[in-house]
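Encoded as structure tokens, the structure appears first; notes follow it.
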2 protein chains.
Amino acid sequence: MSFRSAHYTLDAMGIKRLTKQRKAVLEVVRHANNHPDAAWVYQRVRERVPSISLGTVYRTLDALVDDGYLLPLTHSGEATRYEANLDGHLHLVCSKCGEFVDISHPLPDLLSGVKERYPELDIHAVQVEYQGLCQGCRTRLQS
Amino acid sequence: MSFRSAHYTLDAMGIKRLTKQRKAVLEVVRHANNHPDAAWVYQRVRERVPSISLGTVYRTLDALVDDGYLLPLTHSGEATRYEANLDGHLHLVCSKCGEFVDISHPLPDLLSGVKERYPELDIHAVQVEYQGLCQGCRTRLQS
DNA sequence: GTGGTTGCAAAGGCTTTGCAGGCAC
DNA sequence: GTGCCTGCAAAGCCTTTGCAACCAC
């Protein structure tokens with residue numbers, strides 16, 4: 001599932017009017033299994049709605065982030081990518097090519113201890129990011 | 001300490017020539033206890049070397065990142081900040097104001113399990129980032 | 001003297017924004 | 001009909017880069 005619940009509804013996303021542009025952006029992001037950036041989404045959406053503008057894509061993605069349906073992934077000097085799979089927040093960021101590789105691994109509870117120690121903060125979530133080399137870059141550097 | 005070792009030397013940082021510009025950037029970053037971005041470093045360095053350019057600041061910071069003396073912190077739509085304290089990599093990123101708050105808390109071993117499970121990756125490090133509200137924004141939103 | 005480094009300014013890339021027209025409701 | 005949404009284009013911002021002059025070694 002791309003979204004929080006299997007029963008999400010398009011119009012429950014803080015979006016007032018359900019235009020064909022937004023429908024298309026939502027569908028594209030929902031079915032993306034990579035970590036697309038705005039330009040990638042834009043390209044894909046144009047196959048359906050050729051007249052859509054990049055600005056509209058950005059506005060829609062921003063709305064989805066604000067409402068918690070997408071997680072923005074930022075990396076030094078690169079375009080923001082969007083993560084639609086909110087179930088597990090584990091990534092390897094390749095220090096060579098910048099790719100985000102999904103990692104699925106059970107994590108210990110990282111929240112409650114910190115919450116107890118920092119009661120003055122309002123901690124919502126925790127994100128874990130691994131740094132290293134993806135498989136491609138690793139073998140490329142070894143050969 | 002800002003750097004890996006108390007005995008680091010300036011000329012051991014992959015920097016060939018130790019100019020006054022680089023000395024100044026290194027000193028400013030070393031003594032910064034916030035998470036400064038390039039513009040902040042630039043301002044501070046100009047107090048010492050008024051003729052320095054922003055480009056030189058960026059180049060020096062990039063070199064420090066490449067050599068592992070600084071960790072870049074990126075956040076959607078904001079300038080890259082630099083972390084000089086490499087001992088613990090824990091932050092809270094405030095979802096309201098974007099501030100990076102340092103958190104010190106012992107972490108369980110998050111590396112070995114994932115390394116075992118993904119032998120095809122070359123994992124160097126792991127970074128943990130908390131998301132929520134900093135103290136200031138929390139009280140501001142409650143009042 | 002040599003070649004790494006600087007300052008300057010321009011360019012680059014990503015993202016946001018103002019506005020008039022359009023369309024979902 | 002109302003007001004949110006769109007497309008367009010320009011602007012904004014952060015960052016990188018080309019180049020001639022400079023200076024640490």
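All chains are named by letter (A, B, ...) in the order of the sequence lines, taking the proteins before the strands, and each is independently numbered beginning at 1. If you're wondering where the values come from, they're calculated on a predicted model, not measured in any experiment.
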When the distance from [atom1] of [X] to [atom2] of [N] is rounded to whole Å, what number comes out?
| X | N | atom1 | atom2 | answer |
| --- | --- | --- | --- | --- |
| Leu61(B) | dC14(D) | CG | C1' | 13 Å |
| Leu73(B) | dC14(D) | CG | C1' | 16 Å |
| Arg46(A) | dC8(D) | CZ | C1' | 13 Å |
| Leu64(A) | dT15(C) | CG | C1' | 16 Å |
| Asp37(A) | dT15(C) | CG | P | 7 Å |
| Gln43(A) | dC14(C) | CD | P | 12 Å |
| Arg81(B) | dC14(D) | CZ | P | 11 Å |
| His75(A) | dC14(C) | NE2 | C1' | 16 Å |

What pairs of nitrogen or oxygen atoms, one from the protein and one from nucleotides 20-25 of chain D, lie under 3.5 Å apart?
unit_1: dA24(D); atom_1: N3; unit_2: Arg17(B); atom_2: NH1; d: 3.1

Thr56(A) side chain near dC5(D) phosphate (N/O to OP1/OP2, under 4.0 Å):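 For Thr56(A), the contact criterion (side-chain N or O under 4.0 Å from OP1 or OP2 of dC5(D)) is not met.
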With a cut-off of less than 4.0 Å, is there a side-chain N or O of Tyr58(B) near OP1 or OP2 of dT15(D)?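 True: Tyr58(B) side-chain N/O within range (under 4.0 Å) of dT15(D) OP1/OP2.
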Would you kindly say whether Glu83(A) and His91(A) are connected by a side-chain donor-acceptor distance under 3.5 Å?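 Note: Glu83(A) and His91(A) side chains meet the donor-acceptor criterion.
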Close side-chain approach of [X] to [Y], heavy-atom, < 4.5 Å:
| X | Y | result |
| --- | --- | --- |
| Tyr118(A) | Glu120(A) | yes |
| Glu129(B) | Val128(A) | no |
| Leu61(A) | Pro72(A) | no |
| Gln21(A) | Thr60(A) | no |
| Leu121(A) | Leu133(B) | no |
| Val45(B) | Thr56(B) | no |

When you measure only distances, ignoring hydrogens and angles, does the side chain of Arg59(A) come within 3.5 Å of the base of dG7(D) through a donor and an acceptor?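 Yes, the side chain and the base share a sub-3.5 Å donor-acceptor pair.
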Counting the atoms with a prime plus P, OP1 and OP2 as sugar-phosphate, which does Asp62(B) contact under 4.0 Å by heavy atoms, base, sugar-phosphate, or nothing?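 If one applies the 4.0 Å heavy-atom cut-off, Asp62(B) turns out to touch the sugar-phosphate alone, with no base involved.
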Salt bridge or not between Lys20(B) and Glu27(B)? Use side-chain N to carboxylate O under 4.0 Å.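 No salt bridge links Lys20(B) with Glu27(B).
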Which residues in residues 47-54 of chain A have a heavy atom closer than 4.0 Å to any atom of DNA chain D?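 Hits under 4.0 Å, by residue number: Ser51(A), Ile52(A), Ser53(A).
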Whichever of Glu78(B) and Val57(A) has its nearest DNA chain D nucleotide further upstream toward 5':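 Going by which nucleotide is closer to the 5' end, it is Val57(A).
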I would like to know whether Phe100(A) and Arg81(A) meet side-chain contact (heavy atoms from CB on, under 4.5 Å); could you show each step before the answer? CA-CA 9 Å; Phe100(A) 285 79; Arg81(A) 291 155 180 253; 3.4 Å; yes
